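Here's the structure we're looking at; comments come further down.
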Amino acid sequence: QMWLQRLWPLLGIGGSFPYGFHISVINYPSVHIRKFINETWIERHGSPLHPETIMLLWSFIVSVYGIGGFLGSICCGYLTTKYRKKKCQMCTNLIMLVAALFMAFSKTAKSFEMILVGRFLYGIGTGFSLNIHPQYVGEISPKKLRGFTNSTVAVFLTLGKLTGQVIGLREILGSEALWPWLLASSGLSALVQLVTLPFFPDSPSYLLIQKGNEEACRKAIRKLWGEGDHQAEIDDIMKEKVTMTSTKTLRVLEVIKERSLRWQLYILMTVMTTLHAFPLCIFQIYFYSFEVFHTAKFEEYLIPYVSLGVGLCECLSSILYSYIPYSVSHFFLQDNLGPFCFLIFLGILALSAIFIYLYLPETKGKSIMEIKAEFNKLNFGKKETSVTENSFPKEQLFCTKL
């Protein structure tokens with residue numbers, strides 16, 4: 001499994017790592033960027049910008065990253081199905097490299113608009129990579145390792161946040177002279193993945209299901225997993241292929257109405273709500289850590305180093321518990337609830353934990369078809385448990401364009 005051990009770290013540095021990196025790194029050069037915006041405007045028009053206008057432009061630079069991520073996520077499903085995940089990830093690397101060039105030369109060109117464009121392209125790139133990473137790493141892993149390799153998504157995400165905090169220090173790249181290179185530095189991970197990814201195989205399921213090349217699938221499995229008897233995994237992929245040949249494409253509203261997908265949607269909504277609530281909670285922790293440090297009379301120049309400890313703890317927690325699987329609203333919560341805003345997240349986590357414990361089927365060591373059979377027990381009740389991997393009626397096989 002040497003090739004697999006090399007591939008999942010490679011997917012991580014070009015997958016969830018940039019997402020975490022760009023969440024944390026943008027805060028460190030904020031003073032320098034706002035100063036650069038004002039100086040550029042004075043040079044162009046001969047008068048300074050109002051502080052509120054500068055803050056508005058800075059807000060656009062920060063938030064456009066989310067807009068780009070939204071667009072990248074929407075397009076990802078269609079493009080990865082049509083052009084395969086490996087090729088789409090390589091194109092994503094090119095987008096990230098172009099964004100890095102915009103960032104690196106924005107100060108030289110005296111254009112804060114280039115920062116805005118670069119940030120938008122970074123968002124598109126991470127929208128793609130954050131979706132491709134867990135899918136690709138899951139498809140190339142055997143069932144017994146799938147849980148571990150999927151947990152690396154969170155590990156590399158927090159590692160990216162920690163890396164952004166470290167190199168954002170003024171002694172490294174966070175100074176007034178070097179901040180453009182700080183924002184461009186994530187292009188290095190994209191370059192590494194772009195150069196090395198072509199030497200690795202496509203996922204076995206893609207080669208067998210989309211390409212219909214069983215020999216290439218077996219060759220990829222041997223390369224990724226080593227020599228041995230992998231016929232059981234190949235049989236699972238074959239069953240999935242048979243199922244997909246009779247699928248019917250549904251629109252979003254049709255998916256919502258479809259009974260055979262009802263509990264999948266319930267669980268998906270619960271898990272995603274929890275996942276999005278947790279980053280908000282983490283943001284509250286970062287926010288209050290700065291307030292606590294100010295109250296404790298820490299020197300201003302020491303606070304970035306102390307807050308780095310918070311990021312280090314988060315990264316270590318992600319690694320230690322890897323086997324356990326910016327929003328506007330946080331301002332409202334902080335202003336109105338203060339420290340009691342954490343109780344909201346406690347309630348969400350408690351309810352989500354109970355729901356997942358009761359209804360989410362175990363996926364460890366199971367094929368996709370076996371997991372579908374478990375969901376059918378929830379969707380159709382005990383009378384419909386005969387709907388198994390060998391007897392799916394065609395009218396109950398669906399996929400969504402998204």
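Note that the structure is predicted; figures quoted are calculated from it, not measured. These values consider heavy atoms only, across backbone and side chains, with no hydrogens, waters or symmetry-generated copies. Along the sequence shown, the residues carry numbers beginning at 1.
A donor-acceptor contact closer than 3.5 angstrom links the side chains of D235 and Q231. Inspection of the Q264 and N379 side chains reveals an N or O donor paired with an N or O acceptor under 3.5 Å. No hydrogens or angles considered: nothing links the side chains of S203 and Y136 as a donor-acceptor pair under 3.5 Å. When only modelled atom types and interatomic distance are considered, T126 and Y65 share a side-chain donor-acceptor pair under 3.5 Å.
Distance alone, capped at 3.5 Å, is enough to place a donor-acceptor pair between the H32 side chain and the G174 backbone. With hydrogens and angles ignored, the 3.5 Å screen pairs no side-chain donor or acceptor of Q193 with any backbone N or O of M90. Using modelled atom types, one side-chain atom of Y122 and one backbone atom of L183 make a donor-acceptor pair closer than 3.5 Å. With hydrogens and angles ignored, the 3.5 Å screen pairs no side-chain donor or acceptor of R119 with any backbone N or O of V64. Using modelled atom types, one side-chain atom of S129 and one backbone atom of G125 make a donor-acceptor pair closer than 3.5 Å.
Annotation: side chain to side chain contact (heavy atoms under 4.5 Å, CB included) contacts of A216 (sequence neighbours excluded): L207, N213. Residues satisfying the side-chain hydrogen bond (donor to acceptor under 3.5 Å, both in side chains) test with T40, not counting sequence neighbours, are none.
Contact of the H22 side chain with the M96 side chain is registered, since non-hydrogen atoms from C-beta on lie closer than 4.5 Å. The side-chain heavy atoms of P18 and S189, taken from C-beta on, include a pair separated by under 4.5 Å. Side-chain contact between P180 and M103 is absent, with no heavy atoms from C-beta onward closer than 4.5 Å. Under the 4.5 Å side-chain criterion, counting only non-hydrogen atoms from C-beta, L11 is in contact with L197. You'll find the side chain of L378 reaches within 4.5 Å of the side chain of F375, heavy atoms only. With contacts defined as side-chain heavy-atom distances shorter than 4.5 Å, the pair L57/I61 does not qualify. At least one side-chain heavy atom of F36 sits less than 4.5 Å from a side-chain heavy atom of F112. Contact check for S111 versus F102: no side-chain heavy atoms found under the 4.5 Å cut-off.
Note: Y28 and W179 fail the aromatic proximity criterion, with ring centroids not under 6.0 Å apart.
For the atom pair CZ (F128) and OG (S73), the distance works out to 8.5 Å, reported to the nearest 0.5 Å. The distance from atom CD1 of I221 to atom CG of L208, rounded to the nearest 0.5 Å, is 8.0 Å. I54 CD1 to N38 CG: the interatomic distance, rounded to the nearest 0.5 Å, is 3.5 Å. With rounding to the nearest 0.5 angstrom, the CG atom of L224 is 8.5 Å from the OG atom of S141. Taken from CD1 in I13 to OG in S186, the straight-line distance is 11.5 Å, to the nearest 0.5 Å. Between atom CG of residue L121 and atom OG1 of residue T92 there is a gap of 11.5 Å, rounded to the nearest 0.5 Å.
Using a cutoff of 4.0 Å between basic side-chain nitrogens and carboxylate oxygens, E176 and R34 are not scored as salt-bridged. Using a cut-off of 4.0 Å between Lys/Arg side-chain N and Asp/Glu carboxylate O, E39 and K110 are scored as not salt-bridged.
Ring geometry for F105 against W181 counts as perpendicular: the plane angle is over 60°, on a 0 to 90° scale with 30° as the lower cut. F17 and F21 have parallel rings, their planes meeting at less than 30° on a 0 to 90° scale where 60° marks the start of perpendicular.
The minimum heavy-atom distance linking S24 with Q165 is given by the pair OG-N, 3.8 Å. Residues K86 and P198 approach most closely at NZ-O, 3.3 Å, considering heavy atoms. When all heavy atoms of G187 and L97 are compared, the closest pair comes out as O-CD2, 3.2 Å. Nearest heavy atoms, T270 versus S352: CG2-OG, 3.7 Å. The two atoms that bring S205 and I237 nearest to each other are CA-CG2, 3.9 Å, heavy atoms only. The two residues I26 and I33 have their closest heavy-atom pair at CD1-CD1, 4.5 Å.
Annotation for E52: atom CD does not count as buried by contact number, only 12 or fewer foreign heavy atoms lying within 6.0 Å. The 12-atom threshold is exceeded at OH of Y206, counting heavy atoms of other residues, nucleotides or ligands nearer than 6.0 Å. Atom CZ of F60 sits in a sparse spot, with 12 or fewer heavy atoms from other residues, nucleotides or ligands closer than 6.0 Å.
When the options K85, R84, K211 are evaluated for a salt bridge (charged side-chain N to carboxylate O under 4.0 Å, His left out) with D202, the one that passes is R84.
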**Prompt:** Can you check side-chain contact (heavy atoms from CB on, under 4.5 Å) on I132 and C76, steps first, answer last?
**Reply:** CA-CA 8 Å; I132 294 173; C76 182; 3.8 Å; yes
**Prompt:** Can you check side-chain contact (heavy atoms from CB on, under 4.5 Å) on W41 and T53, steps first, answer last?
**Reply:** CA-CA 11 Å; W41 191 269; T53 305; over 6 Å; no
**Item:** Candidate pair W263 and Y359, rule side-chain contact (heavy atoms from CB on, under 4.5 Å), full reasoning
**Value:** CA-CA 8 Å; W263 276 96; Y359 297 109; 3.5 Å; yes
**Request:** Please report the C-alpha distance between E215 and R218 in whole Å, then the side-chain angles of each, then the deciding distance to 0.1 Å, and finally whether the salt bridge (Lys or Arg N to Asp or Glu O under 4.0 Å) criterion is met.
**Result:** CA-CA 5 Å; E215 181 58 33; R218 292 180 181 273; 5.4 Å; no
**L360/F355 under side-chain contact (heavy atoms from CB on, under 4.5 Å): CA gap, chis, key distance, verdict** = CA-CA 8 Å; L360 179 64; F355 183 84; over 6 Å; no
